[in-house]
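Source: prediction; values computed, not measured. Counting from 1, the numbers follow the sequence of the chain as shown.
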Amino acid sequence: MDSIVSLPIRIVEWLGSQEDMNDLTFFVEYPPIKKAVPLRKAIVAVGIENIEIVDKFVANDDGVLERQEYCRTAEIKANLSICVPFSKGGQACHDIFTRIADALTFRTNLNIEKSGCEEIVSDRDTDALVMNGWFLMNADFCPAASTDENYASFLDKELLCGSHIRNDEIHVTAQDKENWNDPFEVGFYVGNGSSSRSVTIGFKPQLVILMAAGKPAVTVDFANSTAKSYMAMANENLNSQGLQLTSTGFKLSASTTSNITSDLNSLGMSYIYIAYK
């Protein structure tokens with residue numbers, strides 16, 4: 001059943017299950033039910049007077065309001081018709097309204113903004129005092145979606161937004177869009193001769209490739225059976241000798257392995273790099 005249409009039924013079922021209200025009879029306003037004449041027990045009819053559904057807007061990280069494609073905001077005004085026997089007096093109408101308003105406001109997921117009641121009138125047909133009350137609430141709806149979710153009470157404040165809206169893995173983030181438009185950064189640094197050095201680029205790269213400007217990737221000294229490497233690459237899982245990724249860029253270190261020395265920070269030498277986001 002549609003969640004809006006079933007709302008009064010869910011309210012009636014929930015109120016009727018509360019132990020502190022077992023002295024009351026709750027029913028849905030339409031269709032009407034037969035009543036004892038004269039009335040012997042207080043009864044409460046629940047119905048919907050008005051529903052207004054408008055587009056929902058949510059502020060993004062920059063504070064700009066963005067229209068939500070799937071969700072809408074609904075303002076719902078529900079009615080209560082409270083009938084009590086003459087013998088209980090008009091104060092009983094107000095007491096019942098207060099009990100119901102407190103229960104719906106503080107025990108449920110309903111986002112109730114306002115509630116109120118009208119004057120008490122006498123209904124001679126049933127020998128009862130009648131007072132109409134109302135409460136105004138807001139809820140989020142996704143008209144095009146459906147769900148088998150079993151709500152904690154009878155209306156989830158994130159009603160029907162469902163798994164699609166709440167699944168962060170299938171949506172493109174603002175960072176994803178930024179990386180697509182600007183996927184890498186090219187830069188350079190001048191070596192300072194230290195054996196260890198960190199270069200900050202402002203983000204954690206996925207891949208870094210660097211080499212000395214004007215130098216080949218490797219030079220070999222055949223007389224001494226040694227070599228120098230002026231190029232290196234690294235990603236999150238693998239890295240060349242002398243290069244390691246960090247959370248804000250990459251780290252250089254001088255090292256020698258199998259007579260090959262990494263030369264990635266010689267004093268005064270220029271190095272260029274490309275860092276992928």
Side-chain angles (χ1 to χ4, degrees), residues 55-72 140 142 144-145 158 161-277:
D55 287 339
K56 181 179 180 181
F57 293 84
V58 176
N60 60 21
D61 294 338
D62 298 323
V64 178
L65 290 177
E66 293 183 341
R67 180 179 173 274
Q68 302 300 292
E69 180 179 358
Y70 299 97
C71 290
R72 299 293 183 269
D140 289 342
C142 290
E158 300 296 333
C161 286
S163 60
H164 179 79
I165 296 298
R166 299 172 188 170
N167 190 338
D168 294 333
E169 296 181 358
I170 64 177
H171 290 289
V172 176
T173 65
Q175 186 62 51
D176 291 333
K177 294 178 181 179
E178 181 180 339
N179 291 345
W180 292 345
N181 294 327
D182 187 19
F184 58 84
E185 178 177 313
V186 177
F188 76 95
Y189 63 91
V190 178
N192 60 16
S194 63
S195 60
S196 179
R197 176 184 181 183
S198 292
V199 177
T200 299
I201 58 177
F203 60 90
K204 182 178 181 179
Q206 302 297 314
L207 172 68
V208 169
I209 303 172
L210 68 83
M211 66 179 301
K215 288 283 187 178
V218 178
T219 59
V220 180
D221 184 346
F222 292 101
N224 297 312
S225 299
T226 60
K228 282 188 177 182
S229 173
Y230 296 98
M231 181 178 182
M233 293 184 290
N235 62 20
E236 189 172 354
N237 300 314
L238 300 171
N239 60 277
S240 300
Q241 179 179 322
L243 177 62
Q244 187 176 20
L245 301 185
T246 66
S247 60
T248 57
F250 54 91
K251 182 178 181 181
L252 310 168
S253 60
S255 62
T256 300
T257 303
S258 300
N259 293 333
I260 300 176
T261 301
S262 62
D263 191 339
L264 306 176
N265 194 37
S266 289
L267 181 63
M269 186 176 294
S270 295
Y271 298 82
I272 58 175
Y273 66 83
I274 179 170
Y276 290 87
K277 297 178 180 179

Straight-line distance of [X] [atom1] to [Y] [atom2], nearest 0.5 Å:
X      : Y      : atom1 : atom2 : result
Ile272 : Leu210 : CD1   : CG    : 9.0 Å
Leu252 : Tyr273 : CG    : OH    : 10.5 Å
Thr246 : Phe203 : OG1   : CZ    : 10.5 Å

Test log, rule side-chain contact (heavy atoms from CB on, under 4.5 Å), inputs Leu245 and Asn239: CA-CA 8 Å; Leu245 301 185; Asn239 60 277; over 6 Å; no

For [Y], does its backbone N or O pair with a side-chain atom of [X] as donor and acceptor, under 3.5 Å?
X      : Y      : answer
Ser198 : Gly249 : no
Asn60  : Asp62  : yes
Gln241 : Ile260 : yes
Thr248 : Thr200 : no
Tyr271 : Asn265 : yes

Mutual orientation of the aromatic rings belonging to Tyr189 and Phe250 [parallel < 30°, tilted 30-60°, perpendicular > 60°]: tilted

Heavy-atom closest pair, residues [X] and [Y]:
X      : Y      : result
Lys251 : Ser196 : CE-OG, 3.3 Å
Leu207 : Asn235 : CD1-CB, 4.2 Å
Ala275 : Pro205 : CB-CB, 4.2 Å

Identify all side-chain donor-acceptor contacts of residues 224-233 below 3.5 Å with residues at least two apart in sequence or on another chain.
| from | atom 1 | to | atom 2 | distance (Å) |
| --- | --- | --- | --- | --- |
| Asn224 | ND2 | Asp221 | OD2 | 2.8 |
| Ser229 | OG | Met231 | O | 3.0 |

Greater than 12 external heavy atoms within 6.0 Å of Asp61's CG: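 It does not: Asp61 CG has 12 such atoms or fewer within range.
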
